[in-house]
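Take a look at the structure set out below.
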Amino acid sequence: MTAYSHLIDGVAGIRHGFGDKTHMMPEALLPWQETLAVKKQVHGIHIHRVEGPAEQCGPADGVLTSTPGVLLSVLTADCLPLLFARRDGKRIAALHAGWRGLLAGIIEGFADMLAKDDDPADWVAAIGPSARPCCYEVDEGLVEDFLARLPIPGAIVNPAYRRLDLAAIARYKLNAAGFQAVDDIGHCTICATREEEAGTPAEHHFAYTSYRRNSKKRALDPAYPTISGRNQHSGLVILP
Ligand SMILES: [Zn+2]
């Protein structure tokens with residue numbers, strides 16, 4: 001049940017997908033797996049310009065390329081993956097935007113990077129599966145930080161007590177930065193389930209790997225396995 005964006009699907013010459021628990025790398029992207037740009041995500045705002053296949057990018061939370069046949073992805077397990085494609089299919093990008101990245105301005109940083117020789121109005125963007133306000137409860141202090149630091153209406157940032165809406169914050173920021181065509185996959189990584197199959201254990205009914213869900217289980221049972229190495233890829237490639 002890999003999720004897709006209608007907007008990115010509409011761009012000729014691009015293949016993309018949002019991974020899940022059973023297909024951490026979306027099946028459509030498997031043929032390019034060897035070309036994946038490798039980065040260490042650090043919840044920061046650095047975006048690396050990728051020139052060639054299997055590039056070692058170092059610490060980075062965003063990747064941008066105009067090279068065909070090079071797979072870009074971000075790894076998430078509740079954080080927000082953002083995929084971008086220019087409407088002419090000549091340039092793509094992927095951002096890892098958790099609450100830290102959103103607060104620190106990774107979307108604004110990406111727009112600034114494009115401003116030199118490009119225009120966000122020529123791009124489409126897609127917001128992927130992430131922790132959603134149905135489940136994403138945070139400290140009151142963090143909500144206050146968001147409200148104090150971001151010029152975004154409170155009802156968008158904080159739709160209910162101690163809930164943050166990362167996807168709505170991202171959409172607001174994308175629009176403010178000039179990205180007008182924005183798709184939202186809409187799934188919550190914490191509670192979205194797949195169709196149940198007879199005989200499968202309950203934890204396999206969840207559609208996505210979730211850091212939150214995993215931490216809760218580990219708090220009750222320290223022997224419960226970590227999600228290390230099991231984050232889902234959201235990615236895209238310019239077809240060669
Ligand atoms: Zn949820």
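Just so it is clear, the values below take in all heavy atoms, side chains as well, and ignore hydrogens, waters and symmetry mates. Both ligands and their constituent atoms are indexed starting at 1 by order of listing.
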H16 and side chain to side chain contact (heavy atoms under 4.5 Å, CB included): which single residue from S5, P26, S73, S234 fits? S5
Please work out which of the three classes, parallel, tilted or perpendicular, describes the rings of W123 and F84, given edges at 30° and 60°. perpendicular
Shell of protein N/O/S atoms around the Zn ion (ligand 1), taken as anything under 2.8 Å: C134 SG, C135 SG, C188 SG, C191 SG
Any side-chain heavy-atom pair of V50 and L64 under 4.5 Å: no
Pairwise side-chain contact, E55 with V63, heavy-atom cut-off 4.5 Å (strictly under): no
Would you check if the side chain of T189 reaches a backbone N or O of S210 as a donor-acceptor pair within less than 3.5 Å? no
Establish, yes or no, whether a centroid distance under 6.0 Å links the rings of H96 and H43. yes
